[in-house]
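Since the structure is predicted, the reported quantities are computational estimates derived from the model, not experimental observations.
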Amino acid sequence: MRVLVTGGAGFIGSHIVAELIGRGHDPVVFDLAEDGRDVRDPDAVAEALTGVDAVCHQAAKVGLGKDFGDAPGYVSANDLGTAVLLAEMARARVSRLLLAGSMVVYGEGRYACPAHGTVRPGPRAESDLRAGRFEPRCPACGADLAPGLVTEDAPTDPRNVYATTKLAQEHLASSWARATAGRVISLRYHNVYGPGMPRDTPYAGVAALFRSSLARGEAPRVFEDGGQRRDFVHVRDVAAANVVALETLDASAGVIAPTAPTGPAGFTAYNVGSGDPRTVGDMAVALAAACGGPAPVVTGEYRLGDVRHITADSARLRHELGWRPVVPFAAGMAELATGQAVSAANGTVTQS
């Protein structure tokens, strides 16, 4: 299968390219950083689509950003770029798309109230955050809530600009599928980490920011109280999920029959997580220990666009496509810290 990988020289994209090659496929890298080609350039996209069987769309501006002034850049890179790509795919009659989605489309995760069952708390009030009250409360009675796992049929509720653009990408892809009889799989990544993560940028993920601090000999600065729950999934597991999904599209000639559709005909979403939720504080401690660096500092600082808990139920991806994550949390964090891959089976290390 000949696959165009947008963002193929980036963090996740480069691992997908390696996985495609390892499984006998023919990836075509399309990346601004590598050759100056941009998904917002119709002529460049049209040329890159020549002879392609499917597209794996990873190119995006990522992270929460610095402030709302970043909004035009996010919308241009993520939404205009996706629209141009889809328009050119329609002209080239390329009918299969693997989209890099994100768990951020859900907003806050799943919560249960003892009295009211499953509830969806609204955005946290800044007055609560300033006072160190970080946990969402039941919107009906104000009781403490128990966080749970989010499934693909959960309502979407993007809480920041990046999240809004990721949901818009899914809507654009759904519209394209309806108009062209194409097929889309959106893989909603949870917190992806691993070798090749960007460093020293406000747009990097929290694991990369902590790793950069430790490399400078500084303590990782943990926001809130460190109790935010996330699902940290290794980039090689994410790459494997992409290739499995692309092979499913290829084997079925673009036809997918999920057990529980999460969109219009032609569009299917899957969560991609490790299934091993951890707190941000846990991750900072694991990285610091593996680096032999200073212990994390819990700051109590906060960002209004952040959510408290968001963890995935990836059972659907495992059941329907047969994907399984294989990199354990401890081994993955040790690799990120040291640059050496740790074998979960025997404890040996290899250069990453």
Side-chain angles (χ1 to χ4, degrees), residues 4-7 12-13 16 39-40 45 54-64 71 74-90 94-110 120 150-192 231 233 238 241-242 244-246 248-249 254-273 305 307 310 312-314 316-317 320-321:
L4 178 65
V5 184
T6 71
I12 298 175
I16 294 171
V39 290
R40 291 167 290 191
V45 173
V55 174
C56 183
H57 184 31
Q58 305 294 314
K61 187 179 180 73
V62 300
L64 188 59
Y74 275 101
V75 172
S76 177
N78 297 354
D79 299 338
L80 175 60
T82 299
V84 170
L85 174 66
L86 292 170
E88 294 307 318
M89 287 178 65
V94 177
S95 62
R96 282 163 275 175
L97 174 67
L98 191 290
L99 177 65
S102 176
M103 54 84 181
V104 295
V105 301
Y106 298 118
E108 284 285 353
R110 180 185 177 91
R120 292 185 57 79
V150 179
T151 56
E152 292 88 348
D153 58 357
T156 54
D157 183 19
R159 298 286 178 90
N160 55 59
V161 170
Y162 171 63
T164 302
T165 65
K166 296 306 289 183
L167 184 57
Q169 284 184 312
E170 290 195 349
H171 290 320
L172 286 165
S174 295
S175 297
W176 168 83
R178 285 193 297 269
T180 66
R183 291 295 184 269
V184 181
I185 291 178
S186 178
L187 296 181
R188 291 173 176 169
Y189 304 156
H190 281 248
N191 292 70
V192 186
D231 188 319
V233 58
V238 170
N242 274 267
V244 166
L246 284 163
T248 299
L249 284 169
V255 176
I256 299 176
T259 57
T262 57
F267 178 90
T268 309
Y270 292 100
N271 290 330
V272 184
V307 297
I310 176 69
D313 183 344
S314 300
R316 186 175 174 205
L317 180 59
E320 293 182 6
L321 302 192

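For the residue pair N271 and Y106, a side-chain donor N or O sits within less than 3.5 Å of a side-chain acceptor on the partner. Side chain to side chain, N242 and Y189 meet the donor-acceptor criterion of an N or O pair below 3.5 Å.
No side-chain heavy atom of N191 sits under 4.5 Å from any side-chain heavy atom of D231. Between L80 and V75 the shortest side-chain heavy-atom distance does not fall below 4.5 Å. Between L97 and M89 the shortest side-chain heavy-atom distance falls below 4.5 Å. In this structure, the side chains of L99 and Q169 come closer than 4.5 Å at one or more pairs of heavy atoms.
Here the shortest heavy-atom pairing between L246 and A54 reads CD2-CB, 4.1 Å. Contact record, V184 with A173: CG2-O, 3.7 Å, taken as the closest heavy-atom pair. Between H190 and I310, the shortest heavy-atom distance links the atoms ND1-O, 4.0 Å. Closest heavy-atom contact between E320 and Y270: OE1-OH, 2.7 Å. Residues V105 and A163 approach most closely at CG1-O, 4.3 Å, considering heavy atoms. Of all non-hydrogen atoms in V272 and A241, the two that sit nearest each other are CG1-CB, 4.2 Å.
Side-chain atoms of R159 never come within 3.5 Å of backbone atoms of T164 as a donor-acceptor pair (strictly under, hydrogens ignored). Between the E170 side chain and the S186 main chain, no donor and acceptor come within less than 3.5 Å of each other. A donor-acceptor pair under 3.5 Å links the side-chain atoms of N78 to the main chain of K61, judged by distance alone. When atom types are taken as modelled, the side chain of S314 and the backbone of G273 share a donor-acceptor pair closer than 3.5 angstrom.
Between the CZ atom in F267 and the OG atom in S175 there is a gap of 10.5 Å [rounded to 0.5 Å]. Note that OG1 of T82 is 6.5 Å distant from CG of L172, once rounded to the nearest 0.5 Å. Annotation: the span from C56 atom SG to I16 atom CD1 amounts to 4.0 Å, rounded to 0.5 Å. Atom-to-atom distance recorded for D313:CG and D153:CG is 9.5 Å, nearest 0.5 angstrom.
Partners of A59 by side chain to side chain contact (heavy atoms under 4.5 Å, CB included), not counting sequence neighbours, listed by chain and number: T6, V39, H57. R40 is linked by a side-chain hydrogen bond (donor to acceptor under 3.5 Å, both in side chains) to D38, S76, counting only residues two or more places apart in sequence or in another chain. Annotation: side-chain hydrogen bond (donor to acceptor under 3.5 Å, both in side chains) contacts of E108 (sequence neighbours excluded): Y111. With sequence neighbours excluded, the residues that form a side chain to side chain contact (heavy atoms under 4.5 Å, CB included) with A71 are F68, V161. S102 is linked by a side chain to side chain contact (heavy atoms under 4.5 Å, CB included) to V104, Y162, K166, counting only residues two or more places apart in sequence or in another chain. Evaluation of the side chain to side chain contact (heavy atoms under 4.5 Å, CB included) rule for A168 yields D79 as partners, not counting sequence neighbours.
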Worksheet entry | Residues V192, I12; criterion side chain to side chain contact (heavy atoms under 4.5 Å, CB included); working and verdict | CA-CA 8 Å; V192 186; I12 298 175; 4.0 Å; yes
Discussion item. Between T268 and R316, does the side chain to side chain contact (heavy atoms under 4.5 Å, CB included) criterion hold? Intermediate values first, please.
Written reply: CA-CA 11 Å; T268 309; R316 186 175 174 205; 3.3 Å; yes
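Taking a 6.0 Å sphere around CZ of R110, one finds it holds 12 or fewer heavy atoms contributed by other residues, nucleotides or ligands.
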